[in-house]
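Take a look at the structure below.
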Amino acid sequence: MYKISFVIPYENNEKLEKYASLMSSLGYAGVELGIKDPGLVDSKEIKEAISKFDLMVPALGTGRAFTEDGISLSSKEKRIRDIAVERLISHIELAKELSSMVIVGLIRGNVYDEEGVNYVKTLLREVCQYGKEKGVRILLEPINRYEVNWLNTIEDTYNFIKGLGTENLGLLIDTFHMNIEEPSIASSIFRFKDLIWHIHIADSNRLYPGAGHIDFKDIFRILSAIEYNGFISAELINKPDIETAITMTMRYLNSIL
Ligand code: LER
Ligand code: MN
């Protein structure tokens with residue numbers, strides 16, 4: 001039995017409750033939230049909404065700070081790097097309330113030189129230390145080359161994490177990115193299994209699983225072999241609409257699991 005969740009961009013509780021109600025009726029165990037600025041949301045309200053439907057929040061996504069506000073840990077501007085750290089710290093505060101992990105994906109930013117890499121190393125260590133004090137784990141996500149220019153493969157990201165020497169930083173792997181970057185999805189999962197703490201699924205076209213050509217049966221075979229017991233969270237382009245994406249994802253997973 002896998003714990004399945006679904007990623008939604010958090011806007012307000014009305015929408016959260018609407019989607020959470022559908023998810024819970026379909027057998028989802030969690031809802032993953034993409035939050036631009038946790039300073040602008042009420043953790044109690046979110047907690048109330050998700051507990052009504054008996055859902056967990058396995059992880060909080062932080063990428064909207066990058067895509068919508070241009071904020072990153074690798075920025076040349078100290079002011080922007082400071083804001084990125086502040087955002088991640090406030091995500092950690094919220095994650096503590098919701099018993100979630102915090103995702104570092106696009107918010108790491110692009111790097112063009114050693115200085116950029118060093119900014120991310122130093123700041124990520126600080127953020128992880130803060131997470132450790134709060135009992136919150138952080139996830140670093142390999143993302144494909146068309147969205148960010150480094151840490152594209154699981155191997156590179158794994159080595160980067162090991163090099164940092166942190167205890168509470170693990171891998172979030174995403175089938176959409178793996179389909180582009182990994183030489184073999186199954187062998188990458190197998191090789192780096194000890195740090196895989198969270199999984200995003202989407203098909204090759206970023207639509208719901210079953211809408212493209214990723215071999216999910218093969219992926220689930222390897223997840224079963226490594227006894228993966230974390231969440232599997234669908235992170236999709238929600239077309240034709242979010243209700244259909246939520247429904248079709250579970251329908252497809254039920255048909256192959
Ligand atoms: C974030 O989890 C991700 O996978 C990126 O593609 C952001 O869009
Ligand atoms: Mn992802």
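For ligands, and for the atoms within them, numbers begin at 1 and follow the listed sequence. Index from 1, following the sequence. Note that these values count all heavy atoms, side chains included, but never hydrogens, waters or copies made by symmetry.
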Cluster link [X] to [Y], ILVMFWY, side chain under 4.5 Å:
X    : Y    : answer
Y112 : W150 : no
I214 : I237 : no
M56  : I50  : no

Requested in this report: Please say whether more than 12 non-hydrogen atoms of neighbouring residues, nucleotides or ligands are located less than 6.0 Å from CG in D54.
Outcome: no
Requested in this report: Give a yes or no on this: more than 12 heavy atoms of other residues, nucleotides or ligands lie within 6.0 Å of atom NZ of K193.
Outcome: yes
Numbering as shown, the atoms of ligand 1 that approach [X] to under 4.0 Å (heavy-atom distance):
X    : value
L106 : 7 (C)
E235 : 1 (C), 2 (O), 3 (C), 4 (O)
R206 : 3 (C), 4 (O), 5 (C), 6 (O)
D174 : 4 (O)
E141 : 1 (C), 2 (O), 3 (C), 4 (O)
E147 : 5 (C), 6 (O), 7 (C), 8 (O)
H177 : 3 (C), 4 (O), 5 (C), 6 (O)
H200 : 2 (O)

Requested in this report: Have a look at ligand 1 and work out which part of L172, if any, has a heavy atom under 4.0 Å from it: side chain, backbone, both or neither.
Outcome: neither
Query raised in the report: Between E126 and Y130, is any side-chain donor less than 3.5 angstrom from a side-chain acceptor?
Result: no
Without placing hydrogens or testing angles, list every side-chain donor-acceptor pair under 3.5 Å for residues 60-69, not counting sequence neighbours.
from	atom 1	to	atom 2	distance (Å)
T62	OG1	I103	O	2.5
R64	NE	E68	OE2	2.8
R64	NH1	Y10	O	3.3
R64	NH1	G34	O	3.0
T67	OG1	G63	O	3.3
D69	OD2	R87	NH1	3.3
D69	OD2	R87	NH2	3.1

Report task. May I ask you to determine how many protein N/O/S atoms are under 2.8 Å from the Mn ion (ligand 2)? Result ->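 For the Mn ion (ligand 2), the figure is 4.
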Report task. Could you check if a side-chain atom of I143 sits within less than 4.5 angstrom of a side-chain atom of L151, using non-hydrogen atoms only? Result -> no
Query raised in the report: How are the rings of Y252 and F216 set relative to one another: parallel (under 30°), tilted (30 to 60°) or perpendicular (over 60°)?
Result: perpendicular
Report task. Assert yes or no for the condition that the ring centre distance of F220 to Y2 is strictly below 6.0 Å. Result ->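 So the answer is yes for these two rings.
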